[in-house]
There are 2 protein chains.
Amino acid sequence: MKIDKSTGEILRDKREEKGLLLRQVAAKLDIDTAILSKIERSERKATKEQIIKLAEILDLKEDDLLVQYLSEKILYEIKDEELGQKALKVAEQRMKFINKKNS
Amino acid sequence: MKIDKSTGEILRDKREEKGLLLRQVAAKLDIDTAILSKIERSERKATKEQIIKLAEILDLKEDDLLVQYLSEKILYEIKDEELGQKALKVAEQRMKFINKKNS
DNA sequence: TCTAATTTGACTAATTTTGTCAAATGAAAT
DNA sequence: ATTTCATTTGACAAAATTAGTCAAATTAGA
């Protein structure tokens with residue numbers, strides 16, 4: 001899993017690698033070019049549906065891209081929080097606890 | 001850190017322990033009783049400001065309550081996600097990476 | 001059973017997110 | 001240098017989500 005690249009960077013790199021224009025990919029996503037530009041520069045978040053379509057369009061592994069995307073959503077929640085690191089750890093513990101309970 | 005109790009349960013337990021009514025606490029928070037009732041039963045999320053006030057009103061350690069609250073917000077983001085667990089782990093790695101970079 | 005506390009659900013208000021559009025900027029090619 | 005096309009920017013609108021009120025229904029204790 002790439003930990004040193006933002007979702008946006010991954011998307012831009014792959015799009016350019018495939019020689020596609022923002023315009024072309026945006027058309028397939030049915031959104032304005034401006035939004036895709038912003039997504040690639042991490043100025044906007046994509047929606048989950050857009051991520052799924054992008055994986056398809058750019059031949060990226062859907063699950064990997066989704067994990068990347070979700071982890072970014074999580075980090076976004078705590079980005080300005082002093083206690084973010086602690087909260088993440090506690091969230092993991094609670095997640096384990098919940099999973100244990102449901103088995 | 002309590003891992004087996006929701007924020008709502010913590011709040012309700014402490015409020016009852018102190019013999020306060022929903023009405024009284026809600027008044028201090030400047031919201032309708034109905035909302036506090038829903039927060040305590042995890043039907044609604046509190047805002048960060050409400051959590052801070054509640055820690056004060058109920059004599060709970062602010063940081064602990066905030067960590068509890070933030071971890072719940074994180075879990076909420078991934079509650080319906082198959083890949084939630086993986087995303088959490090990746091978020092932690094990325095968090096570490098970001099912290100390393102900024103030091 | 002009376003009374004006060006809590007819960008429920010329908011509704012409104014406020015905020016955030018997602019999107020469009022047009023103008024500005026940048027980059028490549030003559 | 002000028003043209004042309006891709007990308008970026010920012011102001012704005014639409015849509016969705018979140019936060020709140022209110023009143024009626026339910027629950028719990030004396």
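To find a chain, count down the sequence lines: A is the first, B the second, and so on, and within it residues start at 1.
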Footprint string (nucleotides 11-30 of chain D, 5' to 3'): B base within contact, S backbone only, - free, heavy atoms under 4.0 Å: --------BBBB--------
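- Distances shorter than 4.0 Å separate some side-chain N or O of B:S37 from OP1 or OP2 on C:dT7.
- Side-chain atoms of A:T33 and A:R23 form no donor-acceptor pair, as typed in the model, at a separation below 3.5 Å.
- Taken from CD in A:E40 to CZ in A:R12, the straight-line distance is 4.0 Å, to the nearest 0.5 Å.
- Between the side chain of B:K14 and the backbone N or O of B:L58, at least one donor-acceptor pair lies under 3.5 Å.
- At most 12 heavy atoms of other shown residues, nucleotides or ligands fall within 6.0 angstrom of atom CG in A:D30.
- Residue B:K53 holds its NZ atom at 8.0 Å from OG1 of B:T47, rounded to the nearest 0.5 Å.
- Judged by the 6.0 Å and 45° rule, B:K79 forms a cation-pi pair with B:Y76.
- Using a 4.0 Å cut-off on heavy atoms, none of the residues of residues 5-29 of chain B approach DNA chain D.
- Here the P atom of nucleotide C:dG19 and the CG atom of A:L36 are 11 Å apart, to the nearest Å.
- Under a hydrophobic-cluster definition in which Ile, Leu, Val, Met, Phe, Trp and Tyr are linked whenever side-chain heavy atoms come within less than 4.5 Å, directly or via other members, B:I31 and B:L20 are assigned to the same cluster.
- By the 6.0 Å and 45° rule, B:K48 does not stack over the aromatic ring of B:Y69.
- For the helix from C:dT1-D:dA30 to C:dT30-D:dA1, the axis fitted to the five pairs at one end and the axis fitted to the five pairs at the other end meet at an angle of 40° (nearest 10 degrees).
- What separates CD of A:E40 from C1' of D:dT8 is a distance of 12 Å, to the nearest Å.
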Worked verdict on B:M95 versus A:Q85 for side-chain contact (heavy atoms from CB on, under 4.5 Å): CA-CA 7 Å; B:M95 181 69 132; A:Q85 196 128 303; 3.0 Å; yes
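- Residues A:I3 and B:V90 fail the side-chain proximity criterion, which asks for heavy atoms closer than 4.5 Å.
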